[in-house]
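One structure is given here, and the rest of the page talks about it.
Scope of the values below: all heavy atoms of this structure, side chains included, with no hydrogens, waters or symmetry mates.
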Amino acid sequence: MDEQALLGLNPNADADFRQRALAYFEQLKISQDAWQVCAEALAQSIYSDDHIKFFCFQVLEHQVKFKYSELTEVQQQLIRETLITWLQAQMLNPQPEKTFIRNKAAQVFALLFVTEYLTKWPKFFFDILSVVDLNPRGVDMYLRILMAVDAELVDRDVVHTSEASYYFALTLEARRNTLLKDTMREQCIPSLVESWYQILQNYQYNNSELTCQCLEVVGAYVSWIDLSLIANERFINMLLGHMSVEVLREEACDCLFEIVNKGMDPIDKTKLVESLCQVLQSAGLFSIDQEDDVDFLARFSKLVNGMGQALIASWTKLIKNGDMKSAQDTLQAIEAKVALMLQLLIHEDDDISSNIIGFCYDYLHILKQLSALSDQQKANVEAIMLAVMKKLTYDEEYNFENEGEDEAMFVEYRKQLKLLLDRLAQVSPELLLASVRRVFNTTLQNWQTTRFMEVEVAIRLLYMLAEALPVSHGAHFSGDVTKATALQDMMRTLVTSGVSAYQHTSVTLEFFETVVRYEKFFAVEPQHIPTVLMAFLDHRGLRHTSPKVRSRTAYLFSRFVKSLNKQMNPFIEDVLNRIQDLMELSPPENGYQALLSSDDQLFIYETAGVLIVNSEYSAERKQVLMRNLLTPLMEKFKVLLEKLVMAQDEDRQMALADCLNHAVGFASRTSKAFSNKQTVKQCGCSEVYLDCLQTFLPALSCPLQKEVLRSGVRTFLHRMIICLEEEVLPFIPSASEHMLKDCEAKDLQEFIPLINQITAKFKTQVSPFLQQMFMPLLHAIFEVLLLPAEENDQSAALEKQMLRRSYFAFLQTVTGSGMSEVIANQGAENVERVLFTVIQGAVDYPDPIAQKTCFIILSKLVELWGGKDGPVGFADFVYKHIVPACFLAPLKQTFDLADAQTVLALSECAVTLKTIHLKRGPECIQYLQQEYLPSLQVAPEIIQEFCQALQQPDAKVFKNYLKVFFQRAKP
């Protein structure tokens with residue numbers, strides 16, 4: 001072996017050596033006999049370096065996995081002997097191999113097993129057992145090999161193949177695995193189970209590591225072997241004995257869980273679970289209080305959850321089968337576990353609690369199906385409810401300012417608890433409402449002296465009721481009087497108690513979230529709006545010391561104002577005055593720290609716009625207020641643009657460009673209050689937006705930071721097309737001209753939707769403009785598409801693909817808006833070039849989304865130009881290029897008829913052919929029958945069949961036929 005290259009296997013080697021080692025590995029993989037060198041090195045223990053040993057196993061693994069069938073019988077025998085020799089050496093070596101080498105060796109054994117067991121090595125396990133006997137190192141390897149075999153046969157997380165062949169390979173692999181498991185069950189599983197029993201018996205008191213490994217093997221195999229081999233007295237007694245041994249019990253728990261999880265007859269399952277429970281209970285394992293090992297309890301909780309869910313699955317099957325007597329017995333068994341379930345659910349460790357939630361959820365589902373609940377069941381529901389309320393509470397350690405992994409796990413856990421609460425509401429909505437009301441009122445009466453987590457959870461419960469007790473359109477305060485009164489009382493308490501002043505971010509945020517969720521309350525009791533508005537506007541909300549609170553409040557404030565716009569009129573000017581300083585455009589000058597980020601300010605600008613537009617003021621007053629809102633932005637914009645042009649430093653340029661972009665974004669956002677031109681005119685605001693447009697457009701000619709500035713102005717133009725309609729049109733030509741200068745793929749990709757919007761909206765009104773800019777736009781697109789790119793530059797290839805799609809979408813918009821004359825008037829040469837790009841898009845690029853668009857364009861052009869009075873030469877083009885495109889595209893190997901997008905492209909291809917037939921009539925059929933289809937060597941009877949399908953009046957018939965036609969045509 002190349003000793004120099006092997007030095008690079010050491011993780012501490014420098015990059016050049018590592019690169020060389022990698023190249024050497026690739027070289028050995030394709031070499032005919034390199035594996036033999038590696039096999040010899042392993043069999044004779046030539047190398048002592050762990051990384052070289054691992055490397056040798058990797059080379060062997062590659063040989064067995066990908067090139068095994070190329071080997072001769074003698075070579076295959078050599079690999080078997082190498083592995084057995086290596087295994088024998090393990091028991092004699094002074095030191096055991098490192099774990100990562102043992103695991104890799106086990107994987108190679110497993111690969112050889114799946115390749116040879118059914119044919120050349122039926123005694124695979126017996127050979128290994130005869131070598132290892134009960135030697136601890138040998139047993140360790142044997143157990144690792146068993147786990148690797150199980151992973152190959154059962155573990156669906158192991159992805160063995162990829163791409164198009166995936167499903168086919170998966171089916172073959174599934175068949176192979178089934179055959180392997182069936183053969184193992186017949187030939188060796190009883191012997192393997194016996195070996196496990198011997199290992200457990202031999203090592204349970206003196207080698208906990210091997211015992212745990214063996215328990216893991218039993219747990220893995222129990223899902224697909226005969227359960228009676230494991231679920232019998234000698235095995236279960238041994239496992240239950242392990243439940244009392246501290247170092248074994250976690251693994252024993254998992255093993256019992258797998259046994260309980262095994263599919264079986266419902267009555268037998270109930271008996272099995274009950275017998276396990278009796279023994280566990282008599283061993284004192286149901287007394288959770290004395291247990292302080294949380295890792296074990298988490299596993300035990302999972303086991304109890306498995307037993308509970310297994311019993312519930314049995315109950316469901318028995319009910320379905322009509323066996324009411326057994327179902328009743330099973331229900332009693334379930335009820336007997338509820339006390340234990342509650343102890344685990346309420347446990348202070350969230351992992352333990354989380355593991356039992358499935359049982360709890362399913363138990364509530366049973367209660368939901370019962371016609372009436374017993375007193376005990378009602379008490380259980382109430383106990384679950386109290387447990388959920390308690391467990392929703394934050395603990396002291398939760399870090400609100402810097403949320404890490406622990407905090408994220410608690411948020412996920414809370415989501416699980418929310419599902420329980422929703423299920424509780426389905427079982428007993430009255431009880432849930434009464435319990436929440438009791439907790440809420442008690443807590444809020446004394447919120448000043450109550451810990452933050454209790455106040456937060458009280459408000460949180462009120463918030464959660466909105467989804468737990470669903471109503472249509474948030475109408476919580478009408479309909480059911482009891483519920484409406486209870487919610488109304490709680491909301492009144494919330495807004496009048498002063499709890500919004502609580503000095504903790506979690507309480508503050510929960511207050512605002514709840515106020516917004518129940519915004520309909522303020523329509524019923526509008527007298528509370530000023531109180532809540534003040535909370536939003538002062539140090540409790542938008543001016544809070546925490547940026548997180550300020551940011552979330554900005555969004556919630558905007559929602560609050562929007563939902564209550566009818567009730568906001570008395571407060572508009574006061575609110576506008578109070579938020580004025582929050583709308584300051586933060587210039588990129590040092591030291592100025594704005595209260596809100598620019599993203600948060602967007603919500604404030606939108607809120608201001610909504611307040612003005614939805615007010616009951618006169619148009620004149622609205623105009624003045626809107627101008628007051630937008631003038632500071634325009635003035636700042638002009639100053640900043642001048643500064644940008646003068647700026648030398650690139651960081652300074654970027655900061656200024658961002659600030660300019662924010663100004664445009666804020667102005668855009670105020671216009672969200674308008675739905676169309678009519679509302680803008682009614683408010684007298686057209687003029688101020690036109691002024692904004694004139695202020696912002698000069699940024700397009702700025703040579704610096706073009707991408708940022710263009711993006712902002714483009715977004716503003718999109719909004720103005722909706723708000724000002726044709727009043728925007730005079731600005732479009734010069735804006736387009738600037739945006740087409742020195743542009744890149746991304747610029748064009750974002751510019752085309754603007755042109756599409758204008759074309760679709762104004763149609764013939766913009767025909768002269770479109771005719772003028774059509775070729776400049778196309779030249780810009782073609783220029784970018786023809787730019788050379790690195791062969792493996794994925795992002796450049798994707799950008800070009802997206803630009804190509806945008807280009808075809810533009811042509812589709814032009815033809816679909818009845819503007820085909822825009823193309824027709826570009827001169828014969830240009831028209832031809834455009835048409836050929838569409839044909840190319842339909843056939844040559846394996847992008848079904850673009851292909852679909854191209855066929856839509858072609859069928860539209862055939863519809864418009866394909867008749868007898870169409871442009872000269874177009875009929876020829878139809879037969880020479882469009883008809884062939886309809887066949888060549890679907891015949892390509894890349895045209896995958898199993899892909900949904902491709903099927904849509906084929907559907908448009910069918911529409912194109914139907915349209916040609918519609919416009920050209922019998923001439924089209926004659927061409928297909930006598931010229932085109934014979935040129936593709938299509939059999940005469942198939943040609944006949946094709947033409948008949950094409951002439952069917954129902955387009956769907958032909959679409960379906962076309963799919964079958966190409967499925968048959970493809971090899």
Side-chain angles (χ1 to χ4, degrees), residues 83 87 90-91 96-97 99-100 102-114 117 124-158 177 180-181 183-185 187-232 234-243 245 247-262 299 302-303 306:
L83 290 178
L87 186 58
Q90 296 319 294
M91 294 174 288
E97 293 284 15
T99 306
F100 70 93
R102 284 181 275 160
N103 285 340
K104 180 53 74 180
Q107 284 172 359
V108 178
F109 268 103
L111 283 170
L112 207 54
F113 166 80
V114 295
Y117 180 64
F124 176 87
F125 289 110
F126 296 109
D127 288 353
I128 290 171
L129 278 168
S130 68
V131 170
V132 304
D133 194 27
L134 278 172
N135 175 294
R137 284 204 210 148
V139 169
D140 171 87
M141 270 315 301
Y142 166 60
L143 295 171
R144 285 177 198 277
I145 291 166
L146 283 167
M147 286 307 290
V149 165
D150 178 72
E152 279 295 325
L153 298 184
V154 177
D155 193 347
R156 283 271 50 93
D157 291 342
V158 179
N177 291 350
L180 280 165
K181 286 187 282 189
T183 312
M184 282 177 73
R185 288 185 196 105
Q187 294 178 1
C188 68
I189 287 294
S191 302
L192 296 187
V193 172
E194 187 56 40
S195 75
W196 303 339
Y197 184 75
Q198 297 303 329
I199 291 166
L200 290 172
Q201 203 169 35
N202 207 52
Y203 288 113
Q204 59 186 336
Y205 301 119
N206 56 28
N207 192 327
S208 59
E209 200 173 322
L210 281 183
T211 308
C212 286
Q213 261 179 279
C214 192
L215 288 171
E216 192 183 351
V217 167
V218 175
Y221 278 73
V222 83
S223 69
W224 57 272
I225 65 173
D226 177 3
L227 187 64
S228 65
L229 292 169
I230 304 291
N232 51 46
R234 67 172 191 159
F235 245 110
I236 295 291
N237 284 345
M238 188 187 285
L239 287 172
L240 291 167
H242 294 164
M243 290 289 283
V245 181
V247 285
L248 304 179
R249 59 188 188 164
E250 287 182 32
E251 213 54 68
C253 235
D254 284 352
C255 194
L256 286 171
F257 171 79
E258 293 300 338
I259 293 169
V260 164
N261 225 12
K262 169 98 171 168
R299 307 277 185 108
K302 181 182 163 191
L303 172 60

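Side chains of Tyr221 and Ile230 form no contact here, defined as non-hydrogen atoms less than 4.5 Å apart. No side-chain heavy atom of Phe113 sits less than 4.5 Å from a side-chain heavy atom of Ile145. At a threshold of 4.5 Å between non-hydrogen side-chain atoms, the residues Asn177 and Leu180 count as touching. With contacts defined as side-chain heavy-atom distances shorter than 4.5 Å, the pair Val132/Leu87 qualifies.
Of the inter-residue distances, the one linking Met238 atom CE with Leu248 atom CG reads 11.0 Å to the nearest 0.5 angstrom. Taking SG of Cys255 as the reference point, atom CE of Met243 lies at 10.5 Å (rounded to 0.5 Å). Put simply, CG on Leu227 and CG on Asn232 are 9.0 Å apart, with the number rounded to the nearest 0.5 Å. Going from atom CG of Leu215 over to atom CG of Leu239 covers 6.0 Å, rounded to the nearest 0.5 Å.
Minimum interatomic distance between Leu111 and Val114 (heavy atoms only, all atoms of both residues): O-CG2, 3.2 Å. Annotation for Cys212 and Val247: closest pair SG-O, 3.4 Å, computed over non-hydrogen atoms. The two residues Val139 and Asp133 make their nearest non-hydrogen contact at CG2-O, 3.8 Å. Of all the heavy atoms in Lys302 and Asp254, the pair that sits closest is NZ-OD1, 4.1 Å. Across every non-hydrogen atom of Leu143 and Leu210, the tightest pair is CD1-O, 3.7 Å. The two residues Ser223 and Lys262 have their closest heavy-atom pair at O-NZ, 3.3 Å.
The only member of Gln204, Glu251, Glu250 that meets side chain to side chain donor-acceptor pair (under 3.5 Å) when paired with His242 is Gln204. With Phe235 as reference, Leu200 is the one residue of Leu240, Leu200, Ile259 to meet the side chain to side chain contact (heavy atoms under 4.5 Å, CB included) rule.
For Cys188, the side chain to side chain contact (heavy atoms under 4.5 Å, CB included) test picks out Tyr117, Phe125, Phe126, Met184, Leu192, with sequence neighbours left out. Contacts of Phe109 classified as ring-ring contact (aromatic ring centres under 6.0 Å, His included), with partners at least two apart in sequence or in another chain: none. A search for salt bridge (Lys or Arg N to Asp or Glu O under 4.0 Å) contacts involving Glu97 returns Lys53, not counting sequence neighbours. Looking at residues two or more places apart in sequence or on another chain, you find a side chain to side chain contact (heavy atoms under 4.5 Å, CB included) between Ala148 and Ala106, Ala110.
Listed by first and then second residue, the side-chain hydrogen bond (donor to acceptor under 3.5 Å, both in side chains) pairs that reach into residues 135-149 are Arg102-Asp140, Asn103-Arg144, Asp140-Arg144, Asp140-Gln213, Tyr142-Ser195, sequence neighbours excluded. Pairs of residues two or more places apart, or lying in two chains, that qualify as salt bridge (Lys or Arg N to Asp or Glu O under 4.0 Å) and include a residue from residues 192-219 are Glu194-Arg234.
Looking only at distances, a side-chain donor or acceptor of Thr211 sits under 3.5 Å from a matching main-chain atom of Tyr203.
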Given the rule in the side-chain contact (heavy atoms from CB on, under 4.5 Å) test, do Val154 and Lys181 qualify, once you have shown the distances and angles that lead to the verdict?
CA-CA 9 Å; Val154 177; Lys181 286 187 282 189; 4.1 Å; yes
